[in-house]
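Not measured: the values here are computed from a predicted model.
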Amino acid sequence: MAATLLIVEDEDNIRTFITVNLRARGFDVIEASSAEEGLRLLQNRSPTAIILDILLPGMSGWDMLHIMSQDADLKGVPVILMTASASNVRIADIDYSNVVHSLPKPVSAGELVNVIQKALA
Amino acid sequence: LETCWRIKWVSLRRHAGAVYRVSDCRQITVARIEKMCQYVNSGWQEHSQTMDELTIPAGRRLRRHLFSTFRMRLVLLIFLILIPVLVLALYTASAQSALARQATEREALRLAQLTAANQEQIVNSAEQLLIALAQLSILRNGETEACNELFVALREQYDNYTNFFMVDTEGDTVCTGIPEAAPINVADRSWFARAMQTDGFSIGEFGIGAVTGKPVFTLSYPIYDDDGQVRFQLGTSLDLEHIAQFAIATHLPARTTLNAIDRNGTILYRYPDPEVWIGQPLLSQTLLDRVQSEHSGTIETTGLDGENRLYGFAPLDSSNESAFVIIGLSNQTAFAQVKSLLLQNLFGLGAVAAVTYLLIWYGTGVLGRQVNTLVASTNRLARGDLSARVDVNQLGNTRELHELGISFNEMARALELRQYELTNEIAEHERTERQLKRARDELESRVAERTADLAFLAEAGMVLASSLDYEITLSAVARLAVPKLGDWCVIDVLGENESTRQIAIVHAGGDSQRVEQLRSMNERYPVREDVLYGYQHVIQTGQMQHIEEITPAILESVCENEEQLELLRELNLCSGLCIPLKAQDRILGAITFATAESGRAYSPSDIALAEELARRAALAVDNAQLYREVRQQREHLHVTLSSIGDAVIVTDVEGRITFINTVAQSITRWQEASAIGRPLDDVFCIVNEASGQSLESPFVRVMQAGEVIGLANNTLLIARDGTRIPIDDSGAPIRGADGEVIGIVLVFRDISERRQGETRLKAALLKTRDLYEISRRISSVSSADDVLRALMASSYLEGVRQVSILAFDRPWDDQPPTSYEAVAVLHPELTFPEEAGRCSLLDHHPLAGLFSREVPTAVAAVRDQEAIAPDICAQLEEAGIGGVILFPLLAGGEWYGMLLLYYGTYNPWDHAEVRHIQGLVDQVAVAIDNIRLFAAEAEARQQAEEANQHKLRFMGMISHELRTPLASIKGFATTLLAEDVSFDDESLRQFYAIIDEEADKLTELIEQLLDLSSLQAGTLRIVPETQPVQAILDAAMAQLEMLASQHELVVEIPTELPLVLADAHRIGQVLGNLVGNAAKYSPAGTRIRITAQPFDGGVRVDVADQGPGIPREARSYIFEPFRQANSGKSAHTGAGLGLAICNGLIDSHNGRIWIDDGCTEGTTISFVLPAVSEIIDEQP
């Protein structure tokens, strides 16, 4: 069974870019344009991993991570963070242990797929 | 002290630094000198230590070694100079020898080649000879006889040729120049074989001739028969002797050798001594090797005779190279000239060195003797012989030495002179010391004497002090004075009526009969005034009289009659001393001493002692008389105290009143009669003014203190009739003759009047303290409320019910300010509501009409003040306010506010109080101004910090905004490049479209940023043209309609509008931004209105939408870059630069842009463009 990925990203074009690339490589993708929508989707779906943008309208990526950490079912789901500047975020400094990787913006298709595959391996 | 210094000096000189002994001084028994000596000692000890430190050692003698002397060093120096010269000479010789060697080598080679050339020539001529002979028929026919003859003749004719011969083809001799020798066969000879093979002339090898036994070589020429076959070989042997001839002819240098050798090294010929060497092998293998290998050249090696030579060699016969000539030029000869030159040089150098050494030896010998002369003299001087001198004539005529000698002599002379002076000084000091010792002994005896005198005087003093009745004491003194100062002592004292009274007549022997006689006689016959001797005369003149010898004549002049004369004669008086009793320039009497039986005379010390005794006696008399006077004065004191201005009460030791003067009676209302004998507390009843409590009895306090005391301040005396009188008082004990307290005296006075002055003084003091205290507190607080609280602590403001400080919005100069702010209010519940608010219009203040810059305005009763409206009066009175004072607040010359003091009841202040309060208010004004300035500064600082923060946020936002489109572009570009997956055409088109769209966004953002930065830098280019607003809108319309495609766009422009000066493109950009924002932030289908109207000398354009409106708090920063209303990440895209750019663009047009006040629905952004006329007006 193919892995399912939830993408939480407000920029339509960036989200599309991630979606088409992952689908083309056989992943199942569900999309959310805000943290609120992402959390709503998590009530019914259990993705293998989540790609999460930090800077979101309304609730931020950090807020979403915090809410997930309060939920026993969700706090173990691996999360790949999307950040505008990768240098600003170090995985070691993040309090949430389920954050497994960070993706810088901009990112190439190859790098994106590499990171996702590594995170799921 | 001087003595001591001198002693010290002598001692220092004498003992050369020994510490002076204190005991030497002690004999003088003057403690101060002793002390001084101790100082001197300690000083000298320190000095001695310093001297030790200053002593400089003479220095160490130098170690002796070969070059330690001046002479040897000079020699060494010269030799050191000669060394380079020597080296130079050797070097030149070496260079010359190299040159000579080269020349010799060339010469050797030249000679060798010359020899070879000569040989060649000989061979050539031999060839010509042989060819010529070959033509002879006798030879051709082999006629032996004729041939032999010819050859013998030829041989004799040409001594170069050893032999001529002819052989047949078999080698047998056909004919020969030496027919006598046995015929030989030459077939085995090498030349023969060679000749047979050669068709023409042939040259044989060198060798020792078989027939001649000489070193020869054979030349041959064939003789052909008619058939052209060789028939004979015509030959000749050439002797090498000719080489020797050549060598001799060329004048070879001496010791030159010439060798001719064959190929194998056998010596064919040698010059000189050819007979010894011919046939021997060449001994030098080196030479041979070289010759065999090179054939022609030069070499240096050892020759056959063991001598070193330079050899030049060349082949003797160039065709065969079977023999070589070697010319050896002797090294000795070649280098002889060079060597001789070198030897000359070396000899010259040696001669120079030797001469120099001799000169130095002699010169330094002389110098050394001269120096030694100096050294010897110096050593003499060092050993203490100060007469040592140098004979400068022995020092030669070297100027330095001569001057050194003269300097030395001067030094020695100076030393000798100094020593002479020192010797003299020491002698002088020894003399002084001896004199001092004598003086000291003398002093000692005098001190002993003086001590006895002092003891006597002390005893006399005691006697004199024992009683105030001087008649008794003087008698006792007189008794004491004999026999110390004579056998008789008489004391006369001047009475009140200028008559003298004889107090005492004492005789040392205690002869009372005589004494009695004398006394009675003196009474009977008083001394006449014209007598020149005795006490009468002394009292008159005041001068002491010393009669060294009492002669009968003196006695006669003194006496009145025979009886008296007789009596005096019987006394047998010897010497007399009469001294006046003088005190404070007053003659009190005289004391007379006389010697009789003892027969002694008065010495000066006796006289001094007598004078001292007289002085003391006089003092005793004077004191006694004074005492008597004092006692009389005391009697008068009572009277005096009674009439004094202050009140006086005297008590006895038990506190009962013994005296009360009239002033005291009038203050206490007690009569003297009733007061005397009463306890003090009955009459002098005092209480504390403040507490009303009675105070401790002054009597008890004085008795306890035992000295003068000021009694308590603020004292009220309760008089007999109950009146309370403020008094100042003091008390003192009264002491008896023996010092014990026998009562007290109280002095006091009524101070009612003074008290009033004091009250005023206290008020002034209070005021000063008030001003100081309040000022200090005002300047130490940091808020306006605290300033007010500090001010209200003033005791002068006790009646104030409330107080306010109002600050104007700007300083009040020519124009009044528009509003004010109540920066601090104390007890605000009582004040006007207008003051409770933070900010109000100035006109609204109920007391605004009373504000004045110049002076404080006092309203004693608000009711009577016309400037206050009746309803305000009612309001004030309701709040319990009766009066108000208004102070202007000024700082730095600017009137910036008011201080209002509200009173319940206002007691008008006097001038001083107003001035005082004004002083405090001035402090308040400065303090409040400082606080406001501080607040303004703090605000400015905070704004600067915020601006900095904002800039950082701005950079962060730009980075994010640029990154977002980039992320999409990069993402899809890499997706398109991916090789592991493929997409259908539709997807690919979508990807390209997205890349295009994001690139557009990026472009727009960058353009906006550039615009913004140009605007901020002031470099954005604006091209304004005069045109109607309608034209600008028309140009932008297409863009606006596209932006508002989802909305209803309404444009309402009136026709009658002023023209504006504007850049249509830039204003179109502004409109596009505004419409774009409106469309973005309001729901689709709503209306967006663009309207225009004349406004404030320009044209105002409004862009209004029906969206949710911009939050109130965002309105202040909406025109700043990256400040969208809902800060952070917006639901709406856009960098937030649009309005900032609009603002900048409108600014560049000298216009203004603003947002609505939030009262209406939706959002309206308005901007004004100045009309053309306005701009023209501004610009001329």
Can you give me every donor-acceptor pair (side chain of residues 989-1000 of chain B, partner residue at least two apart or in another chain, under 3.5 Å) with its distance?
| unit_1 | atom_1 | unit_2 | atom_2 | d |
| --- | --- | --- | --- | --- |
| B/Arg989 | NH2 | B/Glu986 | OE1 | 3.2 |
| B/Glu998 | OE2 | A/Asn13 | ND2 | 2.3 |

Less than 4.5 Å apart, any side-chain heavy atom of B/Val1168 and any of B/Trp1154?
yes
Under the side chain to side chain contact (heavy atoms under 4.5 Å, CB included) test against A/Ile50, which residue among A/Val77, A/Ile80, A/Leu5 passes?
A/Val77
Residues in residues 107-119 of chain A that sit under 4.5 Å from chain B, counting heavy atoms only:
A/Val107, A/Ser108, A/Ala109
Given the options A/Leu74, A/Val8, A/Val100, A/Leu52, A/Val79 meets side chain to side chain contact (heavy atoms under 4.5 Å, CB included) only with A/Leu52
Begin with the C-alpha distance, continue with both residues' side-chain angles, and end with the deciding distance and a verdict on side-chain hydrogen bond (donor to acceptor under 3.5 Å, both in side chains) for B/Gln1069 and B/Asp1011.
CA-CA 11 Å; B/Gln1069 197 182 340; B/Asp1011 281 353; 2.8 Å; yes
Is there a side-chain contact between B/Val1051 and B/Met1037 in this structure, where contact means two heavy atoms from C-beta onward sitting under 4.5 Å apart?
yes
Taking the side chain from B/Ser1082 and the backbone from B/Ala1078, do they hold a donor-acceptor pair closer than 3.5 Å?
yes
Should B/Asp1105 and B/Arg1089 count as an ion pair when the cut-off is N to O under 4.0 Å?
no
Only heavy atoms, only distances under 4.5 angstrom. Which residues in residues 31-41 of chain A are near chain B?
none
Sequence neighbours left out, what passes side-chain contact (heavy atoms from CB on, under 4.5 Å) with B/Asp1102? Give chain and number order.
B/Thr1091, B/Gln1093, B/Arg1100, B/Thr1164, B/Ser1166
